[in-house]
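The sequence lines fix the lettering, A, B, ..., with proteins before strands; numbering per chain opens at 1.
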Amino acid sequence: MTIKIFNTLSGKKQPLEPIEPGHVKLYVCGITSYDYCHIGHARSALAFDMIVRYFRYRGYRVTYVRNFTDIDDKIINRAADQHTTTVELANRFIDEFYVDMDRLGIDRPDLEPKATEHIPEMVDLIAELIAKGMAYPSGGDVYYAVNCFPQYGKLAHRNLDDMQAGARISINEQKRHPMDFVLWKGSKPGEPAWDSPWGPGRPGWHIECSAMSRKYLGDTFDIHGGGKDLIFPHHENEIAQSEGANGKPFVNCWIHHGFVTIRDEKMSKSLGNFLTIRDILNHYHPEVLRFFIFSTHYRNPLDFSETAMLDAAAGLERLYACIAQVEALAKSRPQPGEGSIGRKDLEAIDAVEGRFQQAMDNDFNTAQAQGILFDLAKIINRLCKTLPAPPAATDVEILDLATRTMKRLAAIMGILNEEPAAFLQARKDQLLAGLDIDEDRILALINERYACRAEKNWARGDAIRDELLAKGIELKDGPEGTTWSVKRS
RNA sequence: GGCGGCGUAGCCAAGUGGCUAAGGCAGUGGUCUGCAAAACCAUUAUUCAGCGGUUCGAAUCCGCUCGCCGCCUCCA
């Protein structure tokens, strides 16, 4: 079985065939560092975190590069607004980015190059393009001549004529062709600037990725990723730059993920409908966000809503409750002797990992993979219920192994990493914070009710339960005593 | 206008032409329980936006219609 990945360039799913066998080289476009990150950025980081974890789980070595754009017009403008420097602003939001990434439990890429630390590489690349006649200086800037790259448009599947029909191209008399794009931007007085053969200036947006991917991954590498909105013009222009300069294919496989929407509209600052990662994490456990993100295939749009997050939380809780149940079983003094788990169930448990891989091999189908985890939870829950009172040690071992498999597979999506009791308690605390009652009061009422029930005073006992229910607290009477949980509204 | 995507149960969401259309949330009936909750069992789409076509066979392929969304400008 090989991993199949949808390639934007070909428009088809293709088997993963790394140039260097067993070693995947991956470049992902990171953030432009001038503001807090929103959940769209979280989806991007999480999608590629999952993809890299899956490659590694499948035995591949991975070199994962994700850049920081730390100089561009937005950064310059924002720094001016805040009366600070571009360096201070960019570094500040890189630090904030790491705060968010760490809270989400996202693994660091192997390399995280910054644009401003690779100016010489970009200048070299631009000089090569000029030498080949594919770029030209004009009025202090340098432009890429799209007419010199006949395949321009192959990633976005359109051609120059189509795009000019759109006619939303700004008139710029310095360009030979309206679609030519800037490689080097001459600086105005007071703007950050680096020396170059074409005068002081700064790099255009697209050139950094061509220069840095070449430096760290080579002229041709396996996978380049980013959001769907980067297909055009950013990635199209990278291809033009890299293939123009190197004369070789740039990237074998392009992966693009879908957007996060709110009320079915793309988040954007102009609509004011974007949510930052930290907004979300103030209300939900990071694993709930991860579970939500992976509940839909990465290329599809994903609509954020309160109910969607509550659904995700409920589903995740179900998996944690399953694990907690097996842990409790292991503590219930298992007996030696013959187990009672049947062959059919053993086979179903055994089949889980293969089914999971099959789903993930198919273009990282995390939605299907989650379904398989629920199938496993269902089998485990059923067995827990039907096992004899002191369970056989061999059966407990089988269930323990099954939950370990569940956690190992879930770890690819970064979920089920917490202690079940801790996760369930944290969720309880968070929900409780929004209610008009505290834990001490709940425990006091449970104790009072215990006394009533001991006297078979059901009426008073039920009255207490109803009183708590009215405040959003549900009770569960078990053999070990009464536990409580916050009711979903 | 050009290009691309989507439309599957109350909601979310898989489904790579062929066994009973995954799974989650919500709901209903039952087991359990003093009554409940959780869990389990059963149940919830004769049907995949609509209409045609290809095929022995289509949610899956092709065409058209309707609806929604994205890109073509900074954008994950």
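Comparing A:Gly461 and A:Asp303 against RNA chain B, the residue whose closest nucleotide sits nearer the 5' end is A:Asp303. Residues A:Arg158 and A:Gly258 each lie close to RNA chain B; by heavy-atom proximity, the contact nearer the 5' end of the strand is made by A:Arg158.
A donor and an acceptor atom never sit less than 3.5 Å apart when one is taken from the side chain of A:Asn300 and the other from the base of B:rG5. No hydrogens or angles were tested; on distance alone, a donor-acceptor pair under 3.5 Å links the side chain of A:Arg465 to the base of B:rC35. At a cut-off of 3.5 angstrom, counting only N and O atoms as typed in the model, there is a donor on one side and an acceptor on the other between the side-chain of A:Asp477 and the base of B:rC35. With hydrogens and angles left out, the side chain of A:Arg453 and the base of B:rG34 share a donor-acceptor pair within 3.5 Å.
Considering only side-chain N and O atoms, A:Lys266 lies under 4.0 angstrom from the phosphate OP1 or OP2 of B:rC71. Put simply, A:Asn381 has a side-chain N or O that comes within less than 4.0 Å of OP1 or OP2 on B:rC40. Of the side-chain N and O atoms in A:Arg318, one or more sit less than 4.0 angstrom from OP1 or OP2 of B:rA39.
When the C1' atom is used for both B:rU47 and B:rA58, the distance is 13 Å, rounded to whole Å. Comparing the C1' positions of B:rU16 and B:rA59 gives an interatomic distance of 13 Å, to the nearest angstrom. Taking atom P in both B:rU28 and B:rG34, the straight-line distance is 23 Å, to the nearest Å.
Ring stacking is absent between A:Phe259 and B:rA76, as the pair misses the limits of under 5.5 Å between centres and under 30 degrees between planes.
In this structure, B:rC56 and B:rG18 make a Watson-Crick or G-U wobble pair, each of the two defining distances being under 3.5 angstrom. Remark: B:rG4 base-pairs with B:rC69; criterion is Watson-Crick or G-U wobble with both hydrogen-bond distances under 3.5 Å. With both pairing distances under 3.5 Å, B:rC11 is matched to B:rG24 as a Watson-Crick or G-U wobble pair. Across every strand in view, B:rC35 sits unpaired, with no contact that passes the Watson-Crick or G-U test at under 3.5 angstrom. A 3.5 Å limit on both hydrogen-bonding distances identifies B:rG50 as the Watson-Crick or G-U partner of B:rC64.
Using cut-offs of 30° and 60° on the angle between ring planes, the pair A:Tyr144 and A:Phe149 is perpendicular.
A salt bridge does not link A:Arg158 with A:Glu236: every distance from a Lys NZ or Arg NE/NH1/NH2 to an Asp or Glu carboxylate oxygen is 4.0 Å or more.
If you check every strand for non-hydrogen atoms under 4.0 Å, A:His297 touches sugar and phosphate atoms only. As judged by a 4.0 angstrom heavy-atom cut-off over every strand, A:Arg449 is placed among the base-contacting residues.
The six-membered or imidazole ring of A:Phe97 lies near that of A:Phe68, with a centre-to-centre distance under 6.0 Å. In summary, the aromatic rings of A:Tyr143 and A:Phe181 are positioned with their centroids too far apart to meet the 6.0 Å limit.
Other residues, nucleotides and ligands contribute more than 12 heavy atoms inside 6.0 Å of the OH atom of A:Tyr98.
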